[in-house]
Amino acid sequence: MGLPGSGKTFLAKVLKQELERKNYKVEWFNADRVREQYNDWDFSTSGRHRQMTRMKQLADKAKESGSYVICDFVCPTKQLRKDFAADFVVWMNTIDEGRFEDTNQIFEPLDSHEYQVIVTKHEWWNALFSNQWSYEIIRRLETNAKL
């Protein structure tokens with residue numbers, strides 16, 4: 001989770017590839033693709049809640065089938081994150097502002113997460129290309145008793 005443009009989708013793609021390389025079954029739900037699939041571009045409070053609920057339903061169904069599930073979305077408020085109830089949260093704390101002012105205005109920093117990425121843009125790209133974070137996140141996933 002994190003602001004738009006913080007690297008969520010890039011990290012999700014790398015995580016999916018690495019988990020599949022280790023022969024795990026993985027489902028990845030990207031918020032923009034899900035919104036496109038449902039033709040729902042409503043970013044009001046109710047629209048954001050509907051999107052969170054949709055992402056949760058997709059994730060729960062995939063998890064029931066035995067997959068690791070990656071949900072790549074902003075989920076900007078503490079209440080939305082509480083309702084989503086992720087098993088493992090990676091906070092992409094890489095930028096101070098995203099590209100959408102309405103999201104910047106309502107985004108609440110995460111209080112609880114299992115892994116936080118905090119870097120400058122230069123460090124971010126170097127670390128991503130070395131897969132530094134994906135390996136550490138996967139190690140933590142594999143040892144997390146919730147999954």
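All of these numbers come straight from a predicted model, not from anything done at the bench.
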Chi angles and distances behind the side-chain contact (heavy atoms from CB on, under 4.5 Å) call for Leu15, Leu11: CA-CA 6 Å; Leu15 282 173; Leu11 182 60; 4.1 Å; yes
Nearest heavy-atom neighbours spanning Val69 and Lys63: CG2-N, 3.7 Å
Salt bridge (charged side-chain N to carboxylate O under 4.0 Å, His left out) contacts touching residues 31-40 (sequence neighbours left out): Asp40-Arg50, Asp40-Arg54
Lys/Arg-Asp/Glu bridge criterion (N-O < 4.0 Å) met for Arg21, Glu18: yes
Nearest-0.5 Å distance that lies between atom OG1 in Thr77 and atom CD1 in Ile106: 6.5 Å
Show me, pair by pair, the donor-acceptor contacts under 3.5 angstrom made by side chains of residues 95-102, not counting sequence neighbours?
from, atom 1, to, atom 2, distance (Å)
Glu101, OE2, Gln105, NE2, 2.4
Asp102, OD2, Arg48, NH2, 3.3

Glu27: partners by side chain to side chain contact (heavy atoms under 4.5 Å, CB included), with sequence neighbours left out: Phe29, Ala62, Ser67
Modelled atom types, side-chain donor and acceptor of Ser6 and Asn93, under 3.5 Å: no
Those residues that, when tested against Phe43, pass ring-ring contact (aromatic ring centres under 6.0 Å, His included) (two or more places apart): none
Set of residues satisfying side chain to side chain contact (heavy atoms under 4.5 Å, CB included) with respect to Gln17, sequence neighbours excluded: Lys13
Shortest non-hydrogen contact from Met55 toward Cys71: CE-CB, 4.0 Å
Lys78: side chain to side chain contact (heavy atoms under 4.5 Å, CB included) partners, not counting sequence neighbours: Arg81, Glu108, Asp111
Atom pair OH/NZ of Tyr68 and Lys25 - distance to nearest 0.5 Å: 13.5 Å
Ser46: side-chain hydrogen bond (donor to acceptor under 3.5 Å, both in side chains) partners, not counting sequence neighbours: Ser44
Closest contact, heavy atoms only, Phe84 versus Met1: CD2-CE, 3.8 Å
Residues that Tyr38 engages under side-chain hydrogen bond (donor to acceptor under 3.5 Å, both in side chains), provided they are two or more places apart: none
CG on Leu58 to OG1 on Thr53, rounded to 0.5 Å: 11.0 Å
Side chain to side chain contact (heavy atoms under 4.5 Å, CB included) partners for Lys82, two or more places apart: Gln79
Worked check of side-chain contact (heavy atoms from CB on, under 4.5 Å) between Asp83 and His49: CA-CA 9 Å; Asp83 293 347; His49 188 270; 3.8 Å; yes
Any donor-acceptor pair under 3.5 Å from Lys8 side chain to Asp72 backbone: no
Test salt bridge (charged side-chain N to carboxylate O under 4.0 Å, His left out) applied to Glu20 and Lys16, step by step: CA-CA 6 Å; Glu20 288 176 337; Lys16 183 177 189 301; 2.5 Å; yes
Side-chain heavy atoms of Ser112 within contact of Val89, under 4.5 Å: no
Residue list, ring-ring contact (aromatic ring centres under 6.0 Å, His included) with Trp91, at least two apart or on another chain: His113
